Every structure is written in structure tokens, then in C-alpha cells.
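First the structure, in the form of C-alpha cells, and then the observations on it.
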Amino acid sequence: MANTIEIKVPDIGDNSSVPVIEILVQVGDTVTKEQSLITLESDKATMEIPTSVAGVIKEIKLKVGDEVSEGSVIAMVEAASDEAVEATSPNKHEVAKPESAKAEVAKPEPAKVDAPAASNDKPAAPAPKAAGESGRKADIDCKLVVLGSGPGGYTAAFRAADLGVDTVLVERYATLGGVCLNVGCIPSKALLHAATVIDEAEAMAAHGITFGKPKIEIDKLRDFKTKVVGKLTGGLTSMAKQRKVRLVEGVGAFISPNELEVHTKDGKKLIRFENAIIAAGSQSVKLPSFPWDDERIIDSTGALELKDVPKKLLVVGGGIIGLEMATVYSALGSEVTVVEFMDQLIPGADADLIKPLAQRLAKRLKGIHLKTKVVEAKATKKGIEVSYEGDSVPAATLFDRVLVSVGRSPNGGKIGADKAGVSVNDRGFITVDNQMRTNVPHIFAIGDLVGQPMLAHKATHEAKVAAEVVAGHKSYFDARVIPSVAYTDPEIAWVGVSEREAKEKGLKVGVAKFPWAASGRAIGNDRTEGFTKLLFDEATHRIVGGGIVGQHAGDLISEVTLAIEMGSEAADIGLTIHPHPTLSESVGMAAEIYEGTITDLYMPKKK
């Protein structure tokens with residue numbers, strides 16, 4: 001029977017009369033055990049105070065600005081249990097935060113990131129009725145089985161093994177690493193490196209150094225890419241053995257809540273498990289209007305195989321993957337045309353970040369056509385013949401190859417999740433809580449199939465949380481922001497609140513932009529088209545977002561991400577001494593612009 005429980009401030013050390021700087025829940029919210037309710041800020045650190053029970057918030061006893069001490073009542077929670085447990089502050093690694101650390105700070109509301117479950121755009125599907133146990137003798141018994149060995153999967157398996165959990169890792173392919181290492185992030189960066197060298201060598205002719213036209217030996221370039229992949233995937237196999245993670249090669253699917261059947265080259269194997277982590281990833285979307293039985297129609301995997309350098313290449317989709325491949329093939333000598341259905345390239349980023357990239361690509365590609373789509377593609381002897389509709393129809397209709405890069409779809413509906421009782425929505429996403437649990441408590445899910453953004457670095461952090469929970473730790477996925485990077489030339493990176501989002505939501509933010517035309521390092525590199533942009537909450541001066549376009553933007557965005565996680569104010573960033581001359585100092589200078597202390601630019605004083 002439900003009862004209402006007072007949630008009080010626990011022992012917070014020698015702190016007393018500590019102000020409340022943020023209320024993280026509302027009346028009527030359903031909260032999980034140890035979910036944070038409020039944020040406090042002392043003169044030494046900030047801390048989030050959780051609920052000790054799961055239930056529904058019936059009343060909030062505090063408001064922002066109130067001062068609290070140990071024993072102060074935070075809220076009334078209607079709980080299903082009669083037993084109130086003393087609240088303890090949750091932490092990703094179950095370690096108390098030192099008071100001297102800059103530590104966790106108040107989450108600026110605009111920068112808060114929803115839990116992965118909220119990002120799959122669809123409500124959770126009704127829980128299916130799980131199948132009964134097979135009654136068969138298991139070939140393998142284990143504490144934990146991980147389905148999929150991409151960055152999320154192998155991280156989960158390795159972390160669990162490090163914590164003493166008997167772990168089995170199931171992978172359908174002969175090599176570990178999933179899409180990212182084998183046919184995604186890693187091989188694409190190897191080819192993008194080659195494209196960068198070609199472009200930079202050509203650009204140096206304007207400064208008195210001429211290398212001549214490059215000779216492309218496609219077989220050697222392909223071998224280079226393959227060796228890069230092999231070093232990483234081989235290293236994973238070695239680390240799995242060192243950790244005593246048992247590997248099973250084959251296609252796995254659930255047949256009951258505690259059984260996974262794997263189709264291997266030696267026949268079916270039954271794995272009986274106590275816990276499972278689903279890390280089955282996603283696959284490229286295949287538009288039905290394309291003749292996919294023709295090898296000249298390729299997705300990102302086909303593009304990375306580098307079978308040849310087509311004379312004419314059409315890229316359908318102006319997102320990150322499409323533009324990265326357009327960059328590679330253009331540098332290798334292809335005449336590349338890009339068609340994008342939306343009104344800008346990389347629709348998820350601010351338009352000003354895209355502009356320098358669009359201008360540079362316009363000089364290198366055959367054409368970029370926005371608000372246009374391919375309505376039909378036919379395979380002919382001469383090539384792939386396409387027809388379009390939209391505002392900017394290309395003149396060319398015949399191509400040697402067509403790369404379709406219009407997104408990825410999660411594999412949640414392809415693993416027999418219903419047999420385990422796991423809810424999967426109609427798009428293939430699996431809903432999870434902030435411990436990465438599905439609706440079946442002993443089965444977890446991570447990575448692409450729990451929602452956007454579909455990024456390897458998100459999956460690895462989710463993986464550690466899931467593995468630690470399986471091992472009995474109180475771990476939670478509570479990342480405030482997740483950075484995104486387009487490894488084009490120039491690179492584009494962004495994190496947190498975008499300028500467009502701030503305008504749409506009416507958020508009061510200040511925007512500071514430092515142009516790389518004033519950067520000594522960018523001038524020395526002859527790459528001054530970029531800039532660094534930071535967004536600050538006008539009320540608190542805390543950083544809530546940022547975007548960078550230019551060389552190595554993907555490396556530079558990490559500082560902005562950390563600043564948001566730590567709740568840094570503009571002065572914190574501006575007063576941090578950055579080495580000179582570097583591109584990284586543009587982050588500090590953007591903060592100085594916001595503070596009005598910049599000396600590397602003349603900024604008229606605001607009236």
C-alpha cells in the first residue's frame with residue numbers, strides 16, 4: 001500500500017545553511033530511487049541531493065534560494081514501500097566527491113540532457129509477453145552476456161570483467177569493434193586523413209611549395225585503411241583474452257528472459273545468463289526507391305570499401321557521414337554532387353557553423369543542392385540514372401555510383417527482444433532508465449538503439465554504467481551534454497544548447513564569437529575561415545553551449561564540454577591560461593569577449 005514519505009537532506013558534512021540553487025523535479029513527477037531532486041551550492045562545492053525512494057512527487061517543500069541543513073525536508077514522495085531508506089548521494093563511480101574539487105555544479109537548465117530513454121522520439125511500447133524457458137541444456141552459463149561488440153558492447157564486457165563479473169561477448173562478425181571500428185568511425189578517419197594531406201599539399205603551392213599532382217594508388221590506400229582497422233580490432237581481441245571474456249561468434253537472439261540463442265558456424269549455441277546488456281547498434285537506412293541489388297548503389301559501408309574512385313558520384317544526404325565521404329572522394333578525384341532534402345547541410349548544427357564548410361565545399365564539389373530529393377534511381381548499363389524533385393535540381397542525372405547516406409535505424413527489432421519481454425517501439429528503439437535498464441530489470445540496453453545521438457562516445461559511457469550496475473555498483477548515466485563532430489574540412493563540432501535552440505525556446509543567453517581571422521595559429525596555418533562560439537546563461541554567466549568550425553574543431557570541443565559539465569562561468573574559462581599560439585586559446589578568447597576583457601580584438605563597449 002502506498003504511503004507518503006518525507007525526503008530530507010542527508011549528512012552534508014560540516015555544511016549548514018547551504019542555498020538551494022536548482023529544483024530538478026516538479027510536483028507529479030515520477031522519480032526513481034536515488035534520482036536527484038535538488039542542487040545545493042556551498043562555498044566549497046555543489047552537490048545534488050537524491051530521493052531515497054521511488055515514487056511520485058506529491059509536494060516540494062523548498063524553492064530556489066532557500067537555505068537548508070541536514071534534516072531539512074525537501075519533498076513529499078508517495079512511495080509504494082513502507083520502508084524509508086536514508087538518502088545517499090548517487091555518483092557515477094560511487095565515490096564521494098572531495099570538497100576541494102571543482103566537482104559537480106548546478107546544471108544550467110538549458111544545457112540539461114534528457115535520459116537516453118527520452119531521446120528515441122517515441123513512447124515505450126507495451127511490454128510483450130515473454131516466452132517461457134526452453135528447457136534445453138545450456139552450452140554456456142554466465143553472469144552476464146553482452147550482445148554486440150561495438151564501442152558500447154566491448155566497453156561493457158571489459159568493464160564488467162574488470163569488476164569480477166563472468167562475461168560472455170557475442171558478436172556476429174569475426175572481428176570485434178562493430179560498425180565504428182570496422183566500417184565506420186575509424187576507417188573513415190583514415191581516409192579523411194589521406195584527403196587532408198592531398199588538400200594541404202595542393203594549398204601549399206600558393207606559398208611557394210609545389211608537390212605536383214598526387215598519384216592515387218587505390219590498392220595501397222585501401223591497405224592502409226585496412227591496417228588501421230586491424231590494429232584496433234586485433235587489440236580488442238587481445239584485451240578480451242587478458243580479461244577472460246569469453247567470445248562467441250554468431251548471430252544472437254533472445255528466446256526467453258534468461259536465454260540467448262546464437263547461430264554460429266558450428267550450429268546453434270544456447271547461452272543462459274543472469275544479466276544481459278543489449279549493444280546491437282544500428283544499420284544504414286536503405287531507401288526503397290533505389291535498386292539495392294546493384295553494386296553501384298552503396299551505403300557508408302560500401303563507400304569505405306574503396307573499390308574504385310568513380311568519375312561521377314552522387315551523395316544522397318548532406319549529413320555528417322555523407323559529407324565526410326564527399327570530402328574523401330572529392331580529394332581522390334571524383335566529381336561529387338550532394339543532394340540534401342533539408343534547407344541546410346548537417347541540419348542538426350547552427351547555420352553559421354555550416355557556412356564556412358559550405359563555402360569550401362562549393363569550390364571542390366560539382367554541386368550542393370538543398371531542399372531537393374531523389375525520387376527514382378534506375379540501374380542502366382551506362383550508370384545509375386536518377387530523377388529529382390525540389391528547389392535545386394542538379395543538371396546531371398547519370399552517375400557511376402550513388403552513395404545513400406540518409407541516417408541509421410536501430411536494430412532493436414531484430415534480436416528477439418519480445419521473447420525476453422523487452423519493450424521495443426515501432427522504430428526499433430528500446431526505452432531505458434538512467435541505469436540503462438530496460439523494462440525487464442536484469443536486461444540492459446545501450447548505444448544507438450536507446451536513442452539519439454547515435455554516437456560511439458555516448459555508447460561507451462552508457463556501457464560503463466550498465467556494467468557497473470550489473471556488478472552491484474550504484475552507477476547512473478547523468479551526462480549533461482554529449483558533443484557532436486563532423487570530420488569534414490573544416491571540421492564542425494558543437495555541444496550543449498545551440499543558438500537556434502536558444503532562440504526557439506526563448507532562453508536568455510549571451511553569445512560570444514571569436515573569429516579565427518584574429519588567431520595567430522590559424523593565420524599561420526592559412527586557415528582563418530573558422531570561429532569559436534560560446535553561449536552563456538545571462539542570469540548566471542555559466543556556459544551552456546558552444547560550437548566550433550575550423551581545423552581540429554573535434555579536438556577543441558572537449559574543453560567546452562568539460563566546462564559545461566563543471567558549470568564553469570565565463571570568467572573561469574577566460575582566466576584559465578591557454579598556451580599561445582594555439583587554436584585552443586580561441587575558447588578562452590571567446591569567453592573574454594563575453595566578459596568584455598578581450599584585448600586581441602577591439603570590441604566597442606556596450607552602451
Side-chain angles (χ1 to χ4, degrees), residues 7 10-11 31-37 47-55 79-81 83-98 104 115-117 130 138 140-149 151-170 239-240 242-246 254 256-260 271-279 420-422 430-447 450 458-479:
I7 305 301
D11 180 4
V31 294
T32 58
K33 186 176 180 180
E34 298 194 0
Q35 179 176 333
S36 296
L37 301 179
M47 64 199 85
E48 291 184 1
I49 306 301
T51 172
S52 56
V53 296
S81 171
E83 182 180 359
V85 181
E86 183 181 357
T88 54
S89 181
N91 185 280
K92 292 176 188 175
H93 302 291
E94 206 179 17
V95 177
K97 297 179 181 177
E104 185 158 67
I140 299 174
D141 285 286
C142 62
K143 172 80 172 180
L144 170 67
V145 65
V146 180
L147 182 59
S149 74
Y154 76 73
T155 299
F158 292 0
R159 179 62 179 144
D162 288 347
L163 293 171
V165 177
D166 175 32
T167 303
V168 172
L169 178 58
V170 177
M239 285 192 289
Q242 290 170 335
R243 289 178 161 90
K244 295 181 173 54
V245 172
R246 289 178 281 174
F254 292 96
S256 79
N258 292 89
E259 295 174 307
L260 188 79
I271 300 175
R272 186 166 286 112
F273 57 86
E274 294 180 32
N275 299 274
I277 297 176
I278 304 171
V422 174
I430 297 175
T431 298
V432 294
D433 64 13
N434 60 2
Q435 287 191 311
M436 311 314 298
R437 292 184 193 271
T438 68
N439 61 296
V440 179
H442 68 279
I443 299 180
F444 302 73
I446 60 174
V450 302
K458 174 178 80 83
T460 58
H461 283 263
E462 293 171 339
K464 290 182 179 179
V465 170
E468 289 166 3
V469 173
V470 169
H473 292 237
K474 294 179 180 178
S475 295
Y476 299 83
F477 184 77
D478 62 353

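Values below: every heavy atom of this structure, side chains too, minus hydrogens, waters and symmetry copies. From a predicted model like this one, the values you see are computed outputs, not experimental measurements.
Considering every non-hydrogen atom in both Ile271 and Cys142, the closest pair reads CG2-SG, 3.9 Å. Across all non-hydrogen atoms, the minimal contact from Gly152 to Ile446 is O-CD1, 3.4 Å. Closest approach of Pro257 to Ala130, counting heavy atoms only: CG-CB, 3.6 Å. Between Ile277 and Ala466 the shortest heavy-atom distance is CD1-CB, 3.8 Å. For the residue pair Gly447 and Ala459, the shortest heavy atom distance occurs at CA-CB, 3.7 Å. Of all heavy-atom pairs between Ala420 and Val440, the closest is O-CG2, 3.5 Å.
Between Leu37 and Thr51, the closest side-chain pair of non-hydrogen atoms falls below 4.5 Å. When side chains are defined from C-beta on, Val432 does not count as touching Phe444, because their heavy atoms never get closer than 4.5 Å. Counting only heavy atoms from C-beta outward, the side chains of Ile278 and Phe254 approach each other to under 4.5 Å. Side-chain contact between His473 and Leu163 is present, with heavy atoms from C-beta onward closer than 4.5 Å. By the 4.5 Å heavy-atom criterion applied to side chains, Arg246 and Ile140 are counted as neighbours. For the pair Lys143 and Thr167, the minimum side-chain heavy-atom distance is 4.5 Å or more.
The only member of Thr431, Asp433, Val422, Val450 that meets side-chain contact (heavy atoms from CB on, under 4.5 Å) when paired with Thr438 is Val422.
Taking the charged nitrogens against the carboxylate oxygens, Lys464 and Glu468 have no contact shorter than 4.0 Å, which rules out a salt bridge.
The aromatic rings of His442 and Phe273 are tilted relative to each other, their planes meeting at an angle between 30° and 60°.
A donor-acceptor pair under 3.5 Å links the side-chain atoms of Gln435 to the main chain of Ser475, judged by distance alone. Judged by distance alone, with hydrogens and angles left aside, the side-chain atoms of Asn439 form a donor-acceptor pair with the main-chain N or O of Gly421 at under 3.5 Å.
With values rounded to the nearest 0.5 angstrom, Arg159 atom CZ is found 13.0 Å from Leu144 atom CG. For the atom pair Glu274 CD and Asp141 CG, the distance stands at 9.0 Å (nearest 0.5 Å).
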message = Apply side-chain contact (heavy atoms from CB on, under 4.5 Å) to residues Val146 and Leu169 and explain how you reach the verdict.
response = CA-CA 5 Å; Val146 180; Leu169 178 58; 3.8 Å; yes
task = List the steps and the verdict of side-chain contact (heavy atoms from CB on, under 4.5 Å) for Asn434 and Asp478.
result = CA-CA 7 Å; Asn434 60 2; Asp478 62 353; over 6 Å; no
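Checked against salt bridge (Lys or Arg N to Asp or Glu O under 4.0 Å), Arg437 has no partners two or more places apart in sequence or in another chain.
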